[in-house]
Amino acid sequence: MPNEIPPLTDKIKAEISALIDAFNAKLPRNCAYKPRYNGCYLYLSRADYGSAPQPICRLEWRGKSNDWDFVIYKHSSNKYDPNEILYPGMQYIDGTVEGALQCGLEAYPL
């Protein structure tokens, strides 16, 4: 029987929110990442200087806090593109939420 991925619980979501809040505290005022969940996916958008939040990336829960799958959002095609592998900030992709947040800053600068 294959290993089942544990669910993305409210406790894990609270831990992720704390990570995002700590990261947001380092950003300029009026700039902040916003999380949204749909099943095993964490969608990260960012609101910059009063604008509406814009999609940055999608993470897929794989059962561990340091083992997320990352997909960048391509504004040119208005979709999350798993085939896009070359973009600014890709060196930060390490399976963590923090790495995804840092990548987003470089891929989509403030």
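Just so we're clear, the structure is a prediction, and the values are computed from it rather than from any experiment. Counting from 1, the numbers follow the sequence of the chain as shown.
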Could you see if [X] belongs to whatever hydrophobic cluster contains [Y]? Use Ile, Leu, Val, Met, Phe, Trp, Tyr and a side-chain cutoff under 4.5 Å.
| X | Y | result |
| --- | --- | --- |
| L86 | Y80 | no |
| L101 | L27 | yes |
| I5 | Y41 | no |

Which atom of [X] lies closest to which atom of [Y], heavy atoms considered:
| X | Y | result |
| --- | --- | --- |
| C103 | F70 | SG-CZ, 3.8 Å |
| P35 | I20 | CB-CD1, 3.7 Å |
| K74 | Y108 | CA-OH, 3.8 Å |
| L110 | R46 | CD2-NE, 3.4 Å |
| A107 | I72 | CB-CD1, 3.9 Å |
| P55 | H75 | O-NE2, 2.9 Å |

(message) Please check: side-chain N/O of N24 versus main-chain N/O of Y33, any donor-acceptor pairing under 3.5 Å?
(response)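 Yes; at least one donor-acceptor contact below 3.5 Å.
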(message) Check whether W61 reaches the backbone of G39 with its side chain - one donor and one acceptor, N or O, closer than 3.5 Å.
(response)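 Flag not set: sc W61 to bb G39 has no pair under 3.5 Å.
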Rounded to the nearest 0.5 Å, what separation is found between the [atom1] atom of [X] and the [atom2] atom of [Y]?
| X | Y | atom1 | atom2 | answer |
| --- | --- | --- | --- | --- |
| F23 | Q102 | CZ | CD | 4.5 Å |
| D69 | L42 | CG | CG | 12.5 Å |
| W68 | E60 | CH2 | CD | 9.5 Å |
| R58 | R36 | CZ | CZ | 10.5 Å |
| S77 | E84 | OG | CD | 8.5 Å |

(request) Carefully, step by step, assess E106 and Y87 under the rule side-chain contact (heavy atoms from CB on, under 4.5 Å). (result) CA-CA 9 Å; E106 197 159 321; Y87 42 85; over 6 Å; no
(message) If you define the side chain from C-beta out and look only at heavy atoms, does anything of K13 sit under 4.5 Å from L8?
(response)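 The answer is yes; the side chains approach within 4.5 Å.
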(request) Give a yes or no on whether the ring-centroid distance for Y43 and Y73 is below 6.0 angstrom. (result)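 So the answer is no for these two rings.
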(message) Against L59, only a single residue in V71, V97, I16 fulfils side-chain contact (heavy atoms from CB on, under 4.5 Å); can you say which?
(response)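 The residue from V71, V97, I16 that satisfies side-chain contact (heavy atoms from CB on, under 4.5 Å) with L59 turns out to be V97.
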(request) Please check if atom NZ in K64 has more than 12 non-hydrogen atoms from other residues, nucleotides or ligands closer than 6.0 Å. (result)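 Open: at most 12 neighbouring heavy atoms sit under 6.0 Å from NZ of K64.
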